[in-house]
Amino acid sequence: MKRQGVSSERKRARMPSGKAGAANGFLMEVCVDSVESAVNAERGGAGRIELCSGLLEGGTTPSMGVLQVVKQSVQIPVFVMIRPRGAICRPLPVTFHRAFDMVHDPMAALETLLTLGFERVLTSGCDSSALEGLPLIKRLIDQAKGRIVVMPGGGITDRNLQRILEGSGATEFHCSARTARDSGMKFRNFSVAMGASLSNSEYSLKVTDVTKVRTLNAIAKNILV
């Protein structure tokens, strides 16, 4: 997964709590930063969207305009990244962000989140990816005993999703399922870079891929068979 940061909560913008979606199987949450990606996520079968801005910076609060258009464009639940934030956004359901992966004692931290009223925690198991952190994710889910949703996220692909879900017992998972797409710019000045990042092309953008979402969704559903 993509980001670590100061903020730790995400606020849902519409529709019922994400817990309900897992009742009929696995629930896939897709992280998006545009209307196009939100629509693609829904078309691919995602059960919930995390709407952000600035994913290359770890995710920030999207504009009200983007949120309104996304809400008009999709029917699945939309959780909104809130960063920075002043307090827990009750009565809306909140998810603790991957700041969890920086804690010293994750088992104790999980109990703290329960005390604070969080409904979900997004984690890579305090490691570089959900696959690497799989043993801890399994321990967290076992400790949670359904009191809070432990949602694996971080580097989830079609190559490792089955192992992560089967090895952890998770009922929800988080991914971006994105691919790079060439920008529509006609004139390109390759002598100038508009920003400090050297790893991302000025002339491409990443968008949620319908095929990737469908593939991940199919893998999760196949585990139930």
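Numbering of residues begins at 1 and proceeds along the displayed sequence.
- Each of V103 and L113 belongs to its own hydrophobic cluster when Ile, Leu, Val, Met, Phe, Trp and Tyr are linked at side-chain heavy-atom distances under 4.5 angstrom.
- No continuous path of hydrophobic side-chain contacts links V207 to I76 [ILVMFWY only; heavy atoms under 4.5 Å].
- Under the 4.5 Å side-chain criterion, counting only non-hydrogen atoms from C-beta, D127 is not in contact with L136.
- Between the CG atom in L216 and the NZ atom in K212 there is a gap of 8.5 Å [rounded to 0.5 Å].
- A salt bridge links E36 and R181; the closest N-O separation between the charged side-chain nitrogens and carboxylate oxygens is under 4.0 Å.
- Residues D101 and C126 form a side-chain contact, since some pair of their non-hydrogen atoms from C-beta on lies under 4.5 Å apart.
- Inter-residue side-chain proximity for R178 and D33 is flagged as met; some heavy-atom pair is nearer than 4.5 Å.
- E119 approaches P93 most closely through the heavy-atom pair OE1-CB, 3.2 Å.
- Side chains of L122 and M151 form a contact here, defined as non-hydrogen atoms less than 4.5 Å apart.
- Remark: I49 CD1 to K71 NZ distance equals 12.5 Å, nearest 0.5 Å.
- In terms of heavy atoms, S73 sits closest to V39 at CB-CG2, 4.0 Å.
- By the 4.5 Å heavy-atom criterion applied to side chains, V30 and S176 are not counted as neighbours.
- Looking at V32 and L51, their side chains come closer than 4.5 Å, going by heavy atoms from C-beta outward.
- The shortest distance between side-chain heavy atoms of H174 and R98 does not fall below 4.5 Å.
- Taking R188 as the reference, D182 meet the salt bridge (Lys or Arg N to Asp or Glu O under 4.0 Å) condition, with sequence neighbours excluded.
- Within a 6.0 Å sphere centred on CZ of R214, heavy atoms belonging to other residues, nucleotides or ligands number more than 12.
- Taking the side chain to side chain contact (heavy atoms under 4.5 Å, CB included) definition, one finds that L165 meets it with F26, L161, A170, F173, A220, I223, sequence neighbours left out.
- Rounding to the nearest 0.5 Å gives a distance of 6.5 Å between OG of S124 and CD1 of I137.
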Side chain to side chain contact (heavy atoms under 4.5 Å, CB included) between N40 and V213, intermediate numbers included: CA-CA 8 Å; N40 286 350; V213 176; over 6 Å; no
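- Y203 belongs to a hydrophobic cluster whose other members, connected by ILVMFWY side-chain contacts under 4.5 Å either directly or through intermediates, are M185, F190.
- Put simply, the side chain of M107 reaches to within 4.5 Å of the side chain of R139, judged on heavy atoms.
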